[in-house]
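Okay, so here's the structure we're looking at.
When reading the values below, keep in mind they use all heavy atoms of this one structure, side chains included, and skip hydrogens, waters and symmetry mates. We name chains A, B, ... by the order of the sequence lines, and we start the count at 1 in each one. Everything numeric in this text was worked out from a predicted model, so none of it was measured.
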Amino acid sequence: MSTESLRIVWIYPDLLSTYGDRGNLLILAHRAAARGIPVETYEVRSDQQMPTTADVYLIGGGEDGPQAAAAQRLITDGGLHRAVNQGAAVLAICAGYQLFGHSFFAKGQKCAGLGLLDLYSDRGPTRAVGELRGDIDPRLGLPALTGFENHGGRTHLGPNATPLAKVTAGIGNGDQTEGAWAGKILGTYSHGPALARNPAIADLLLRWSTGADRLAPLDDAWAERLRGERLAAAASPA
Amino acid sequence: MTDGKLPLIAKVATTASKTAAALSRAAGRGDGSVIGGWIGLKIDPDLLAHLSSGRAVALVSGTNGKTTTTRFTAAAIGVLGRVATNSYGANMPTGHTSALAKEGHTPFAVLEVDEHYMAQVIEATRPRVVALLNLSRDQLDRAKEVAMMAQMWKTTLGQHPDIRVVANSDDPMVVWSASSSPQVTWFSAGQRWQDDSFVCPESGHPIERSGGDWWCTGCPLRRPKPQWSVEDEGVIDPRGDWHLVKLQLPGRVNIGNAATALAVAAEFGVRPIEALPRLARVTSIAGRYAQVERDGRNIRLLLAKNPASWLEAFDMAEQAPTLLSINARDPDGMDTSWLYDVDFSPLRDGRPVLITGDRAYDLAVRLQVNQVPFRHVQSFDEALASVPPGRLEVIANYTAFQDIRAELDRVN
């Protein structure tokens, strides 16, 4: 952490908050506070300047128009690039995940992305809608990924990004992989929201941003029940 | 047109439709409000147009409040004569066809229309008036994007300049949709949920709000001056007269729905003073707001389908034991992420909170983060047994609501 408290930025809730994306902010802040880590949260709207010194940046899902507007605005602003270069952690969901790549498609047009993840997205033959499940890259040491996906894109990773997970149910990136990670940036198609269904990912972001090797365990009985139910639901054909 | 003037195929289709609906009800399979229309339309694909011909039709659409506003509007226009209406919330062409077939010839029809079907239903029914309530997020995994829906409405209304549009001046998406129509009556019914209209649909610039007013910072789109508005417990009409609105349905949102109904009815020549006593007699609609006595508990049913309507339900619910039930079946939308768009903290007032439904675990995790204490119950009966005699508020989303309504013998 660069200051005494953990600073979390939610990027452009006015544009990218279609899929309960506030949930990721609430859960991350809740899990930090439960460990006694002081938290400051910032909801930065698209007409505001992007802070460059926060510890964690969250970006959510949204419709085509707002996605393209958010990418353009973030490129012009430049603050997020500086934050990432200074080592901030990022969780990017769905449309937010796509715009972290080199390019993506919105409203039938190819749009420039931030280029902070080595990947690009195009349109798939069908819309991917349903339960998503995957085995997360073992180097991250996390349990299975569970989420709900709803996107028309297919994402292709370059050599400098690693798939977040190997798909065991659902579509994800479209090539049996799902999401991507590089450094402290995580991208995924999972809604749910992702951190509600995958509290271990929230804790990974907290460890990355605080430098702590381990965090005190929390009572995750309800989250575990939810995970058990959704992982099983993804296994059976819809 | 009377039934006698219907084309033969429409007569056959109407009879088959009524029979199927009656069979469905007799078999206890449902209200019979969809199956009849489905069969009728199979026999005569133009049946809805045939049945609409000769009636003065009003359509009511929007994300929230459709069913209640339709019921209020039908009650108000009832001042003038018989009204056919789809009062069970079956709001697609099958439901419209069933409703018109069942009522036989009536001079008037008031139909609730699913937002997605507006173009098709306008073509078939040639309405005199279309009421647009609001547009917000609903059923994340399948509903059209809010902006796309607004565009669809705008295009359709632009093609039908003869239709009088009655539209909510407080919702920027609705105002933009109605802007293609040359004849709009504006009502102000408030907009509790603003997260889907931060950005102007015309220019993409931010929308500013202050008090009840709003305007786009990048183009001329702004809140039109409403002819009808809600003030205190009443409605102000276009002449500036204030009318007390006494309802049996709870909440400020229903005063807004009543204002909308009065505005629509006025386009047919009904005066508020004639309509208001009829609105006061509406008790519940397809179980919504219904109160049921069972085992000494007074159970009240509140339907909450999406973030905007959850906020309204919290506004109506008394500080009493509250059961929340969440499903994520097809009609509900299968993505439960929206639970995080709802702030459940109004329930953090010491009342016992019970949770149930197919997706109770999603709700459990949500409430934990929201610091709302709760208890999980496996069934509606277990919920009943675990609260003391007195009021039990039940707030449920669509299929969860239907499940509980079935437990209560399909209460209307």
**OP:** Any chance you could measure B:Asp335, atom CG, to A:Asn150, atom CG, to the nearest 0.5 Å?
**Re:** 7.0 Å
Original post:
Going through the distances and angles, do A:Glu229 and B:Arg359 end up as a side-chain contact (heavy atoms from CB on, under 4.5 Å)?
Top reply: CA-CA 9 Å; A:Glu229 178 192 284; B:Arg359 301 300 291 270; 3.6 Å; yes
Original post:
Can you list the steps and then say if A:Asp21 with B:Tyr340 is a side-chain contact (heavy atoms from CB on, under 4.5 Å)?
Top reply: CA-CA 7 Å; A:Asp21 296 288; B:Tyr340 291 80; over 6 Å; no
Original post:
Just wondering, more than 12 heavy atoms not from A:Gln72 lying within 6.0 Å of its CD?
Top reply: no
**OP:** Please check if the side chain of B:Ser337 supplies one atom and the backbone of A:Gly192 the other of a donor-acceptor pair under 3.5 Å.
**Re:** yes
**OP:** Specify which of A:Asp47, A:Leu25, A:Leu26 makes the most heavy-atom pairs with chain B at under 4.5 Å.
**Re:** A:Leu26
Original post:
Counting heavy atoms not belonging to B:Tyr117, are there more than 12 under 6.0 Å from its OH?
Top reply: no
**OP:** Answer with side chain, backbone, both or neither: which region of A:Ala69 has an atom nearer than 4.5 Å to a non-hydrogen atom of chain B?
**Re:** neither
Original post:
Checking heavy atoms, do the side chain of B:Asp343, its backbone, both or neither come under 4.5 Å from chain A?
Top reply: neither
Original post:
For A:Phe148 and B:Thr336, what are the C-alpha separation, side-chain angles and deciding distance, and is it a side-chain contact (heavy atoms from CB on, under 4.5 Å)?
Top reply: CA-CA 9 Å; A:Phe148 189 94; B:Thr336 55; over 6 Å; no
**OP:** Go through A:His191, A:Arg230, A:Arg45 and name the one with the most non-hydrogen pairs under 4.5 angstrom from chain B.
**Re:** A:Arg230
**OP:** Pick one of side chain, backbone, both or neither for A:His30, based on which atoms fall under 4.5 Å of a heavy atom in chain B.
**Re:** side chain
**OP:** Side chain from CB out, backbone as N, CA, C, O: work out which of these in B:Val199 comes under 4.5 Å of a heavy atom of chain A, or both, or neither.
**Re:** side chain
**OP:** Test side-chain contact (heavy atoms from CB on, under 4.5 Å) on B:Tyr361 and A:Arg227 and set out the steps.
**Re:** CA-CA 9 Å; B:Tyr361 293 159; A:Arg227 287 178 56 76; over 6 Å; no
Subject >> Any pair counted as salt bridge (Lys or Arg N to Asp or Glu O under 4.0 Å), so long as it reaches residues 189-209 of chain A, sequence neighbours left out >> reply: A:Arg31-A:Asp203, A:Arg35-A:Asp203, A:Glu131-A:Arg197
Subject >> Straight-line distance of A:Leu226 CG to B:Arg366 CZ, nearest 0.5 Å >> reply: 13.5 Å
Original post:
So, for B:Val146 and A:Glu63, which heavy atoms are closest and what is the spacing to 0.1 Å?
Top reply: N-OE2, 3.2 Å
Subject >> Over 12 non-hydrogen atoms of neighbours within 6.0 angstrom of CD in A:Gln176 >> reply: no
